[in-house]
Amino acid sequence: MAVLGIDIGGSGIKGNLVDPFTGNLESDRYKIATPQPSTPDAVADVIVEMIDHFEYRGPVGCTFPAIVRRGVTLSAANVDESWIGTNAEQVFEKHSPGNDFTMLNDADAAGIAEVEFGAAKDRKGVVIMITFGTGIGSGLFVDGTLVPNTELGHLHYEDHAPVEDWAAAKVKKEEGLSWKEWAERAGVYLNHLDRLFSPDLFVFGGGVSRRWKRIGPNLGLDAEIVPAQFENEAGIVGAAMAATRR
Ligand code: BGC
């Protein structure tokens, strides 16, 4: 059985068929640029294109870079503001009758995959997944159970409000930081989270997790931290799993 997982981001929308019982990717990835402005209807059209590409019928899991409570998107840090208060699952189901949609926060989805099959497999206690990208996303797990919609990238740290404007991966490029400089900054943020939550394990995620060899040793962290095993695909895998569980 393969389930369609879709990762909706501020610049790209990516889809893959996923075996939700192993976490394996069962297709080549298909990517479409995020329409601008990224309104719910415009994104729904892309979702339909994605579903047609895979000739797919069945449950669909979608990640979204914002707070999502019971299918309703409640924030919009890097997407069009008109998402706020929209029942995204209903919008998608209207555009694509016959498919059931499950929408969840992108970092929560990534964490679901890492906790079940990846870097935090079989780990008890408090696990915090942090994804570094355009923003900073977080997924908090207690003995494998997700506490959804933590927004730890929106903490205010010293005069950095929100802290993602200072420590997200995109800031590396914007400010021309070296890997070492950026990793030290990310480490300051992670140490702050460690003081607040004392997690048993951090999982370091997002596209930059591929550069772990340069980043890991420069974080300066006392807490245990491991790079995401699914790298940037974790969200797609977790979304397919969430759609299946529902
Ligand atoms: C959003 C989060 C999201 C993160 C990563 C933040 O700006 O508020 O909901 O998980 O970016 O995309």
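Atoms within a ligand are numbered from 1 in the order they appear, just like the ligands themselves. Quick note: numbers below take in every heavy atom, side chains included, and nothing from hydrogens, waters or symmetry partners.
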**Q** Yes or no: does A66 have any heavy atom under 4.0 Å from an atom of ligand 1?
**A**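 It does; at least one heavy atom falls under 4.0 Å.
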**Q** Using a 4.0 Å cutoff against the non-hydrogen atoms of N78, which atoms of ligand 1 qualify?
**A**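 What qualifies from ligand 1 is 7 (O).
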**Q** Identify, for atom 9 (O) of ligand 1, the protein heavy atom at the shortest distance, and state residue, atom and that distance.
**A**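 Ranking protein heavy atoms by distance from atom 9 (O) of ligand 1, first comes E151 OE2, 2.6 Å.
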**Q** Which residue supplies the protein heavy atom nearest to atom 6 (C) of ligand 1, what is that atom called, and how far is it?
**A**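 Here the closest protein heavy atom is E164 OE1, 3.3 Å.
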**Q** Quick one: pull up CG in N105 and CG in N149 and give me the separation to the nearest 0.5 Å.
**A**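 Between atom CG of N105 and atom CG of N149 there are 5.5 Å.
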**Q** Counting heavy atoms only, which part of A77 comes closer than 4.0 Å to ligand 1: side chain, backbone, both or neither?
**A**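 The answer is the side chain of A77.
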**Q** Please list, chain by chain and in numerical order, all residues satisfying side-chain contact (heavy atoms from CB on, under 4.5 Å) with A161, sequence neighbours excluded.
**A**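 Expected list: H156.
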**Q** If you count the atoms of ligand 1 from 1 in the order shown, which ones are under 4.0 Å from a heavy atom of G137?
**A**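 It comes down to these atoms of ligand 1: 4 (C), 5 (C), 10 (O).
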**Q** Closer than 4.0 Å to some heavy atom of N105 - which atoms of ligand 1 meet that?
**A**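 Selected atoms, number and element: 2 (C), 3 (C), 9 (O), 10 (O).
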**Q** Would you mind telling me if ligand 1 is within reach of the side chain of I136, the backbone, both or neither, using heavy atoms under 4.0 Å?
**A**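 For I136, the contact with ligand 1 is made by the backbone alone.
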**Q** How about F132 and W182: are their ring centroids closer than 6.0 Å?
**A**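 Ring-ring flag for F132/W182: true, centres closer than 6.0 Å.
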**Q** Whether E89 and R246 form a salt bridge (side-chain N of Lys/Arg under 4.0 Å from carboxylate O of Asp/Glu) is what I want to check.
**A**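 Looking at E89 together with R246, the answer is yes, because their closest N to O distance falls below 4.0 Å.
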**Q** When you compare ligand 1 with H154, is there at least one nitrogen or oxygen pair between them that comes in under 3.5 angstrom?
**A**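 Min N/O separation from ligand 1 is below 3.5 Å for H154.
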**Q** Under a 4.0 Å threshold between the charged nitrogen and the carboxylate oxygen, would K180 count as salt-bridged to E184?
**A**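 Between K180 and E184 there is a salt bridge, with a charged N closer than 4.0 Å to a carboxylate O.
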**Q** Under 3.5 Å, sequence neighbours excluded: what are the donor-acceptor pairs made by side chains of residues 192-208?
**A**
residue: D200; atom: OD2; partner: V126; partner atom: N; Å: 2.8

**Q** Mind running side-chain contact (heavy atoms from CB on, under 4.5 Å) on N16 and E233 for me, showing each step along the way?
**A** CA-CA 9 Å; N16 253 117; E233 317 299 344; 4.2 Å; yes
**Q** Give me the residue, atom name and distance of the protein heavy atom closest to atom 3 (C) of ligand 1.
**A**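 It is D106 OD1, 3.4 Å.
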